[in-house]
Amino acid sequence: MNYSFHLFHQRAATLLCAIAVLFGFGAADVAAAKKISNVTVVPTIESLQLVDGQLVASGSVSGTLRGRDFTAPFENVPVDIALAEEQPADAVCDVLALSLGPINLDVLGLVVETSPICLEITADPTGGLLGSLLCSVANLLNQGLPIGDILSGLGVTDGLVQVAPGLTQAQIGDLLGGLTDLLNGVLENLLNAIITDIIDGNGTTCSILHLELAPIELNLLGLIVNLDNCDGGNVVVDITGERGAGNLLGNLLCGLLGGSNLGDTLGDLLDAINLRLN
């Protein structure tokens, strides 16, 4: 084997291992690879707050590459709560639709973009604090009160008597904290996304990995949650490596790929990793 051929296969194997560890697939093969450091990237919501009547999420994406930690913030991603259009007949209380707007992050040249993420929630008012609060929110939404008013502590009145009382500040705090935990529990599942397509980049980027997480059903905090992209389809994560000054991860991944086209050489990458492991 000549030097250039060996170098290509070494580079290809390293890239495939890095991608496999990064996005949580091929764990058995990766465990056998040598000298490959773990890489993790997971968005985390750190706060939910009401801004100008709109519930928004802020947080960061963080991870580790070869023992070096990195973090990139995101802020004011819209979060909406509404009554689900379809409610099962045996639901304990009204089903809520919780939607998180697309997240767009640039982590040292590694650009991560997600599709909208929607949760269909069945809440049990006797199943715990969060279930009780979500059922209270569903009751207020069902009577026409906007989510911004609900999070401002308003209730529903008929002019004489308060028909549905508003949430107290303590309850609002518990609700926002519970929703934060709920969304973070869902975002952790993005590590299970798999590659379904590979698209060429342009002159300033290397290839884009198109990752998809099929709709799933979760049991979080005693709540039954159905996860999809807000249109019944897969949750999508698009990954792009961008070259440039200060783009550590983008330069690293694009450099490992070199001038090769990832779409054309995927078969070679798989052959290369097998050669290095056998």
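- Here the CG atom belonging to L176 is positioned 11.5 Å from the CD1 atom belonging to I45, to the nearest 0.5 angstrom.
- Smallest separation of non-hydrogen atoms from A164 and Q143: CB-NE2, 3.4 Å.
- Of all heavy-atom pairs between A123 and G131, the closest is CB-O, 3.8 Å.
- By the side chain to side chain contact (heavy atoms under 4.5 Å, CB included) test, D80 pairs with Q54, S99, sequence neighbours left out.
- In this structure, the separation between CD1 on I121 and CG on L223 is 6.5 Å, given to the nearest 0.5 Å.
- Note on L220: it clusters hydrophobically with V235, by side-chain heavy-atom contacts below 4.5 Å among ILVMFWY residues.
- Judged purely by atom type and a 3.5 angstrom limit, D228 has no side-chain atom pairing as donor or acceptor with the backbone of I216.
- Taking every heavy atom of both residues into account, P73 and L105 meet most closely at O-CD2, 4.2 Å.
- L179 CG to L130 CG: the interatomic distance, rounded to the nearest 0.5 Å, is 6.0 Å.
- For residues 96-125, the disulfide (SG to SG under 2.5 Å) pairs, not counting sequence neighbours, are C118-C230.
- Checked by atom type and distance alone, the side chain of N247 pairs as donor or acceptor with a backbone atom of E242 at under 3.5 Å.
- For the side chain to side chain contact (heavy atoms under 4.5 Å, CB included) criterion with I150, the lone passing option out of L55, L141, I81 is L141.
- Residues V156 and L167 share a hydrophobic cluster, clusters being chains of Ile/Leu/Val/Met/Phe/Trp/Tyr side chains in contact below 4.5 Å.
- Applying the side-chain hydrogen bond (donor to acceptor under 3.5 Å, both in side chains) test to every pair with at least one member in residues 212-225, sequence neighbours left out, gives these pairs: T196-E212, H210-E212, E212-N234.
- Both L83 and V137 belong to a common hydrophobic cluster when Ile, Leu, Val, Met, Phe, Trp and Tyr are linked at side-chain heavy-atom distances under 4.5 angstrom.
- Interatomic distance, OG1 of T122 versus CD1 of I224, reported as 7.0 Å (0.5 Å rounding).
- None of L227, N226, V225, L96 except one satisfies the side chain to side chain contact (heavy atoms under 4.5 Å, CB included) rule with E120; the exception is N226.
- Neither side chain, E188 nor N184, offers a donor N or O lying under 3.5 Å from an acceptor on the other.
- Contacts of E75 classified as side chain to side chain donor-acceptor pair (under 3.5 Å), with partners at least two apart in sequence or in another chain: none.
- In the hydrophobic cluster analysis, where Ile, Leu, Val, Met, Phe, Trp and Tyr join through side-chain heavy atoms closer than 4.5 angstrom, V111 is grouped apart from V77.
- Distance CG/L183 to OG1/T44: 11.5 Å, rounded to 0.5 Å.
- Annotation: the span from I117 atom CD1 to L187 atom CG amounts to 5.0 Å, rounded to 0.5 Å.
- When the side chain to side chain contact (heavy atoms under 4.5 Å, CB included) test is applied to Q169, the partners found at least two apart in sequence or on another chain are I172.
- Every side chain to side chain contact (heavy atoms under 4.5 Å, CB included) that L50 has, sequence neighbours left out, goes to L151, S152.
- Minimum interatomic distance between F74 and S60 (heavy atoms only, all atoms of both residues): CE2-N, 3.3 Å.
- Both L140 and L129 are assigned to one and the same hydrophobic cluster, defined by single-linkage of ILVMFWY side chains at heavy-atom distances under 4.5 Å.
- Shortest non-hydrogen contact noted between G232 and P215 is O-CG, 3.9 Å.
- S58 places a side-chain N or O within donor-acceptor distance of the main-chain N or O of N76, the cut-off being under 3.5 Å.
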